Amino acid sequence: MGGFALYIPLAVLLIAFFFSAVNVLREYQRGVVFTLGRFTRVAGPGLILVIPVIQQIVRVDLRTFVEDVPTQDVISRDNVSVKVNAVLYFRIVDPEKAILNIENYMEATSQLAQTTLRSVLGKHELDEMLAERDKLNADIQLILDEQTDAWGIKVANVEIKHIDIDESMVRAIAKQAEAERLRRAKIINAEGEQQAAEKLVEAGRILAGDSRAMQLRYFAALHDIAGDKSNTIVFPLPVDMADALKTLRG
């Protein structure tokens with residue numbers, strides 16, 4: 001009985017040795033294996049055997065991470081203060097770089113996204129932020145992707161979610177938009193007057209080429225007046241007829 005008791009600690013040690021040596025990695029996981037502190041290989045998925053004490057394994061998730069970029073205070077190029085937040089999608093494509101080249105790739109990517117968001121949006125005016133959001137997303141994604149390449153990270157997408165503007169600035173933007181609409185209305189009205197004047201000049205040139213055309217236009221004007229239920233009828237007198245009457249009187 002005493003001899004059997006001596007094997008119990010050994011059995012426990014062997015079981016602990018077995019469980020520490022056996023690692024099962026899922027399809028979306030990889031294991032970065034170190035031997036005596038030195039990088040050995042990237043293993044997985046499936047059953048991975050390591051030598052306890054001598055070897056260690058660090059698990060890396062290859063699925064896409066969704067990082068909510070906290071709200072950032074941004075001053076646009078036209079000196080408008082806005083609050084902007086975004087969402088970042090990225091994944092690890094090289095587990096070796098993600099473990100060896102950066103201490104905490106999640107925190108590093110989040111901080112880099114915040115500074116890049118402020119830097120890129122600060123180079124644009126407010127109107128560009130609101131109207132060209134897709135272009136800004138692409139610019140931020142490209143910069144992040146280039147800088148995180150050394151960490152073995154691929155930035156798949158960046159989406160700006162909200163651009164919050166101060167209430168006083170909203171009123172100022174509304175006034176600016178109203179003034180812009182009034183300006184466009186005046187321009188359109190002036191262009192209409194210009195086109196009408198050009199058409200009148202052209203019509204006068206055509207009518208002046210033939211006196212019969214002027215006479216027909218005179219009869220058309222009389223017809224229009226006759227159809228109007230007005231108490232006062234004004235008869236237009238062609239200029240050439242008035243000149244003829246002056247000649248007769250003279």
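These figures come from a predicted structure and were not determined experimentally. The figures that follow rest on heavy atoms only: side chains count, while hydrogens, waters and symmetry mates do not.
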For salt bridge (Lys or Arg N to Asp or Glu O under 4.0 Å), just list the numbers for D61 and R91, CA-CA rounded to whole Å, side-chain angles, deciding distance to a tenth of an Å, and then say yes or no.
-> CA-CA 8 Å; D61 196 326; R91 60 188 178 88; over 6 Å; no
Is the backbone of E125 close enough, under 3.5 Å, to the side chain of E128 for a donor and an acceptor to pair up by distance?
-> yes
Ignoring hydrogens and angles, tell me if any N or O in the side chain of N137 forms a donor-acceptor pair with the backbone of R133 under 3.5 Å.
->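 Yes.
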Starting from the C-alpha separation in whole Å, work towards a yes-or-no answer on side chain to side chain contact (heavy atoms under 4.5 Å, CB included) for H162 and V84.
-> CA-CA 6 Å; H162 300 292; V84 183; over 6 Å; no
Within-4.5 Å side-chain heavy-atom neighbours: [X] and [Y]:
X: R59; Y: N23; answer: yes
X: P45; Y: R30; answer: yes
X: Q72; Y: K83; answer: no
X: I75; Y: V80; answer: no
X: F90; Y: T109; answer: yes
X: I140; Y: T116; answer: yes
X: L88; Y: V155; answer: yes
X: L62; Y: Q29; answer: no

Shortest non-hydrogen contact between [X] and [Y], atoms and distance:
X: A98; Y: Y105; answer: O-CD2, 3.7 Å
X: I160; Y: L136; answer: CD1-CB, 4.1 Å
X: V74; Y: G122; answer: CG1-N, 3.9 Å
X: S76; Y: H124; answer: CB-O, 3.3 Å
X: V32; Y: P95; answer: CG2-O, 3.8 Å
X: A113; Y: V69; answer: CB-CG2, 4.0 Å

Are [X] and [Y] connected, step by step, through hydrophobic side chains (Ile, Leu, Val, Met, Phe, Trp, Tyr) whose heavy atoms are closer than 4.5 Å?
X: V158; Y: L142; answer: no
X: L49; Y: L25; answer: no
X: I51; Y: L36; answer: yes

Residue from I99, T40, I57 passing side-chain contact (heavy atoms from CB on, under 4.5 Å) with F34 =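 When I99, T40, I57 are each tested with F34, the side-chain contact (heavy atoms from CB on, under 4.5 Å) holds only for I99.
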Atom pair [atom1] ([X]) and [atom2] ([Y]), whose distance is rounded to the nearest 0.5 Å:
X: I92; Y: T148; atom1: CD1; atom2: OG1; result: 11.0 Å
X: Q111; Y: M106; atom1: CD; atom2: CE; result: 12.0 Å
X: S81; Y: I165; atom1: OG; atom2: CD1; result: 10.0 Å
X: T64; Y: Y89; atom1: OG1; atom2: OH; result: 10.0 Å

Is it true that the side chains of N157 and E159 contain a donor and an acceptor less than 3.5 Å apart?
-> yes
Which salt bridge (charged side-chain N to carboxylate O under 4.0 Å, His left out) pairs, counting each pair once, include a residue from residues 97-122, with sequence neighbours left out?
->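 Passing the test, one end in residues 97-122: no pairs.
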Kindly write out the residues that satisfy side chain to side chain contact (heavy atoms under 4.5 Å, CB included) with R41, not counting sequence neighbours, or none if the list is empty.
-> V33, A43, I48, Q55
Partners meeting ring pair (Phe, Tyr, Trp, His ring centres under 6.0 Å) with Y28 (sequence neighbours left out) |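 For Y28 there are no ring pair (Phe, Tyr, Trp, His ring centres under 6.0 Å) partners, ignoring immediate neighbours.
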So V93 and I153, side chain to side chain contact (heavy atoms under 4.5 Å, CB included) or not? Walk me through it.
-> CA-CA 6 Å; V93 295; I153 292 175; over 6 Å; no
Kindly determine whether D68 and K161 satisfy side chain to side chain contact (heavy atoms under 4.5 Å, CB included), including the steps that lead there.
-> CA-CA 10 Å; D68 189 15; K161 295 197 298 183; 3.3 Å; yes
